[in-house]
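Have a look at the structure below, then the notes.
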Number of protein chains: 2
Amino acid sequence: MLRMSKLTDYATVILAYLARAGGELHTAADVASRTGLGVPTVSKLLKLLAQAGLVTSVRGAQGGYQLARPAEQISAADVIDALEGPVAITACSSADIQCELESVCRVGSAWQRINTAIRLALKDVSLDQLIGSPGTPRPRFDLAEAAGADTGPTARGASR
Amino acid sequence: MLRMSKLTDYATVILAYLARAGGELHTAADVASRTGLGVPTVSKLLKLLAQAGLVTSVRGAQGGYQLARPAEQISAADVIDALEGPVAITACSSADIQCELESVCRVGSAWQRINTAIRLALKDVSLDQLIGSPGTPRPRFDLAEAAGADTGPTARGASR
DNA sequence: TTCAAAGAGTACCATTTTAGTGCTATTTGA
DNA sequence: TCAAATAGCACTAAAATGGTACTCTTTGAA
């Protein structure tokens, strides 16, 4: 159900490589050959990651990319946001479509809240943890806090 | 990031209607008109839900559909499983594709574990809660339990 | 000062997935 | 026996996704 696009997966791979490689600059071609991904694809992803502020780029000869901040300070949510934008879970939005039943709309907002909850949880998982460094602290999370909280049936506008 | 197909959303709407309507039988046409969805679409979805065991069907004249069990006993995970199957979060599977870097594969398994964690959480959210009945108990959940747990880099085979 | 390396930006195409529709068979109550 | 209703296929159209190509800009070094 939770479908992440391949590109987001690739982006994680790229970030993981940069994290392990340290602070030096790495060209897109370098990253591509080390990860087994295509150069154009890596190039495109690094651009997106740079725009999102997760990596910094240096143009010109001898240029390249590097992590913008330590892996501990990059969350799973950051990566996903960078690649897929602040998308919501459902499409029950579009103010022009009128739901016939009260319950219908309530359902929509419930999914929204679950989505929010999951995003919150992913904010607590760092790239560091994703890579697999042992001994990193484990954040606690309460899904129902957001899924069940009575924020009212107002917040249902977010489109995908 | 968490993308749910429209059909899954519709299915929730349909289940919500059935839950509110009580134990009587409802035809696909009835559900369609009440939810504003197309009859063929509703028909298709009810079929899938019946196969998944979330609703029971009665064939023939005066037939129809009804919830197979109380709304409290149907989880968000059930609905998603019924519509989208047991899909995993990433595609870094396919044993024929060989990851070049150790870290790369570790990343894949980390996403898998996060996925598992989220699914576990959704199992604790009932249709009842989705519909919006107040006062339902709020399950607690620990995302990092599964996301950070050292299950080892073995479990990475699940394909989408 | 010129050249080449490397990122930035844009546009495009192929593939896959998703959503929706139509038709026929089967069951079953009146 | 008829009609209401689900069951099961198969098919088509549309949208998202992934990947590629091409051109522009920046900048270090010869």
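Residue numbers begin at 1 in each chain, while the letters A, B, ... track the order of the sequences.
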*Do the non-hydrogen side-chain atoms of B:L37 and B:V31 ever get within less than 4.5 Å of each other?*
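The answer is no; the side chains never approach within 4.5 Å.
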For [X], give me all partners under side-chain contact (heavy atoms from CB on, under 4.5 Å), at least two apart in sequence or on another chain.
X     : answer
A:A21 : A:Y17, A:H26
B:A29 : B:T27
A:A32 : A:V39, A:V42

Integer-rounded Å distance: [N] [atom2] and [X] [atom1]:
X     : N      : atom1 : atom2 : result
B:L49 : D:dT6  : CG    : C1'   : 14 Å
B:L37 : C:dT18 : CG    : P     : 19 Å
A:L7  : C:dT15 : CG    : C1'   : 14 Å
B:Q62 : C:dT27 : CD    : C1'   : 13 Å
B:K44 : C:dG22 : NZ    : C1'   : 12 Å
B:D30 : D:dA5  : CG    : P     : 10 Å
A:L25 : C:dA5  : CG    : P     : 17 Å
B:E84 : C:dT17 : CD    : P     : 14 Å

_On the nucleotide C:dG20, are OP1 or OP2 found under 4.0 Å from the side-chain N or O atoms that B:Y10 carries?_
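Yes, within the criterion.
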*OP1 or OP2 of D:dG18 sitting under 4.0 Å from any side-chain N/O of A:S5?*
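So the side-chain polar atoms of A:S5 do come within 4.0 Å of the phosphate oxygens OP1 or OP2 of D:dG18, strictly under.
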*Got a sec, which pairs hit ring-ring contact (aromatic ring centres under 6.0 Å, His included) with one end in residues 28-51 of chain A, sequence neighbours left out?*
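Those involving residues 28-51 of chain A do not exist here.
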With the criterion being N/O to N/O and under 3.5 Å, what pairs connect the protein with nucleotides 7-9 of chain C, and how long is each?
| residue | atom | partner | partner atom | Å |
| --- | --- | --- | --- | --- |
| C:dG7 | OP1 | A:A28 | N | 3.0 |
| C:dG7 | N2 | A:R59 | NH2 | 3.2 |
| C:dA8 | OP1 | A:S57 | OG | 2.8 |
| C:dA8 | OP2 | A:Y65 | OH | 2.4 |
| C:dG9 | OP2 | A:Q51 | NE2 | 3.4 |
| C:dG9 | N7 | A:K47 | NZ | 2.7 |

*Kindly state each residue pair satisfying side-chain hydrogen bond (donor to acceptor under 3.5 Å, both in side chains) with at least one member in residues 48-76 of chain B, sequence neighbours excluded.*
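Output for this query lists B:R69-B:D78, B:S75-B:D78.
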